[in-house]
Amino acid sequence: MEQINAFLREADICYQGNKDIDDSRVELKRIFNNGSFEEGGRLYGGFWISMKSEDLREVTIDDEWIVALDYGQMSVRLAYSLAKAPIHFEDGYLIPRRERAREATKKLTNIMLNSPDAKNWSVPKKVRDYYKDQDIQNRLIEEIKSFHKPIEHLFGKPNGMKFMFLESEILIDVLLELNSQGIVALPIHDGLLVKPSQKDIAKQIMLKVFKKHTNLVATVSVEKL
């Protein structure tokens, strides 16, 4: 963390908007949970982390407007890594015959991977209305379990803090490698903000580091803010 913070202090990171935002606050810290150094550990402290998307558009690195890079389906892929199971999908939230319910599947899958109480597993009303199926909730839960059979034993467990720890370890190694190449990157949980001119190398490093940590392939999206 000292190495990362030293690099950030020397970087040209500016907020160019008209809000009262202190862009000198660039140092990061890790916050762990439940009295364990293997739970949580996400990075906080940088002024950009709590900013809304419309305000992030006003942030520059070396006078370049930034772009966002994000890992996709992070919890699902980390779950497969913990289970030492190969990935058999491109999109872990696209359940066969339920493609139009992807957002509900995404939400429900992550709830199932983080909540030990099945009473909290619920499908949005608009999904139930769309399918006109009063039993869609139970059906979708069973279909998610079937599709993700290799990690079914992880559903209904409090995995959230473990996933956050694994995610943060990956992000820290990504930052260290980027910094070693002179690239400034601003972390936001499971993603980064970088200059557009460096997005390709940043994406390559994110994919490489994820594979090194998990022995699995990641997906990384690039989005203009």
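Just the heavy atoms: all of them, side chains too, but no hydrogens, waters or symmetry mates, feed the values below. Everything numeric here is computed off the predicted structure, so don't read it as measured data.
Checked by atom type and distance alone, the side chain of E10 never pairs as donor or acceptor with a backbone atom of L8 at under 3.5 Å. A distance-only check finds a donor-acceptor pair linking the side chain of R25 to the backbone of G45 [under 3.5 Å]. Under the 3.5 Å distance criterion, the side-chain polar atoms of N159 are left unmatched by any main-chain donor or acceptor of A79.
Between F32 and F165, the ring-plane angle classifies as tilted under the 30° and 60° cut-offs.
Taking CD of E39 as the reference point, atom CE of M164 lies at 10.5 Å (rounded to 0.5 Å). Between the CG atom in L82 and the CD1 atom in I151 there is a gap of 9.5 Å [rounded to 0.5 Å]. Atom CE of M51 and atom CZ of R57 lie 11.0 Å apart (nearest 0.5 Å).
Two residues are said to be in side-chain contact when any heavy atoms from C-beta on lie closer than 4.5 Å; I49 and L28 meet this criterion. The shortest distance between side-chain heavy atoms of L78 and L113 does not fall below 4.5 Å. The side-chain heavy atoms of L192 and L171, taken from C-beta on, include a pair separated by under 4.5 Å. At least one side-chain heavy atom of I172 sits less than 4.5 Å from a side-chain heavy atom of R30. Looking at heavy atoms from C-beta onward, I13 lies out of side-chain contact with D23 at the 4.5 angstrom threshold. A heavy-atom distance below 4.5 Å is not found between the side chains of T109 and I95. The closest side-chain heavy-atom distance from R139 to R98 is below 4.5 Å. K203 is listed as a side-chain neighbour of V222, based on a closest heavy-atom distance under 4.5 Å.
In terms of heavy-atom proximity, M206 sits nearest to Y71 at O-OH, 2.6 Å. Across all their heavy atoms, V67 and K224 have their closest contact at CG1-CA, 4.2 Å. Taking both residues in full, the closest heavy atoms of G191 and D70 are given as CA-OD1, 3.6 Å, listed atom of the first, atom of the second, then distance. Taking each heavy atom of V184 and A11 in turn, the nearest pair found is CG2-CB, 3.7 Å. Minimum heavy-atom separation, L193 to W48: CD1-CD1, 4.1 Å.
A donor-acceptor pair shorter than 3.5 Å cannot be found between the side chains of D117 and S115.
With salt bridges taken as basic N to acidic carboxylate O contacts below 4.0 Å, one links E152 and K149. Taking 4.0 Å as the cut-off between side-chain N and carboxylate O, K208 and E177 count as a salt-bridged pair. Using a cutoff of 4.0 Å between basic side-chain nitrogens and carboxylate oxygens, D91 and R102 are scored as salt-bridged. Taking 4.0 Å as the cut-off between side-chain N and carboxylate O, K145 and E142 count as a salt-bridged pair.
Under the 4.5 Å side-chain contact rule for hydrophobic residues, F155 and I87 share a cluster. A continuous path of Ile, Leu, Val, Met, Phe, Trp and Tyr side chains, each step under 4.5 Å between heavy atoms, connects M1 with V209, placing both in one hydrophobic cluster. Linking ILVMFWY residues whenever their side-chain heavy atoms come closer than 4.5 Å, directly or via other members, places F163 and I170 in the same cluster. Note: the hydrophobic cluster containing Y44 does not contain M161 (ILVMFWY, side chain heavy atoms under 4.5 Å, direct or indirect links). A continuous path of hydrophobic side-chain contacts links I205 to L216 [ILVMFWY only; heavy atoms under 4.5 Å].
At most 12 heavy atoms of other shown residues, nucleotides or ligands fall within 6.0 angstrom of atom NZ in K107. Environment of CD in Q16: crowded, with over 12 heavy atoms of neighbouring residues, nucleotides or ligands closer than 6.0 Å. The local environment of CD in E90 is sparse, with at most 12 non-hydrogen atoms from other residues, nucleotides or ligands closer than 6.0 Å.
Proximity of the aromatic rings of F47 and Y15 is defined here by a centroid distance below 6.0 angstrom, and this criterion is not met.
Screening residues 76-86 for side-chain hydrogen bond (donor to acceptor under 3.5 Å, both in side chains) gives Q73-R77, Y80-H88, Y80-H148 as the qualifying pairs, with residues at least two apart or on separate chains.
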>> Please determine whether side-chain contact (heavy atoms from CB on, under 4.5 Å) holds for the pair W65 and L225, giving the CA-CA distance in whole Å, both sets of side-chain angles, and the decisive distance to 0.1 Å.
In response: CA-CA 9 Å; W65 305 111; L225 295 169; over 6 Å; no
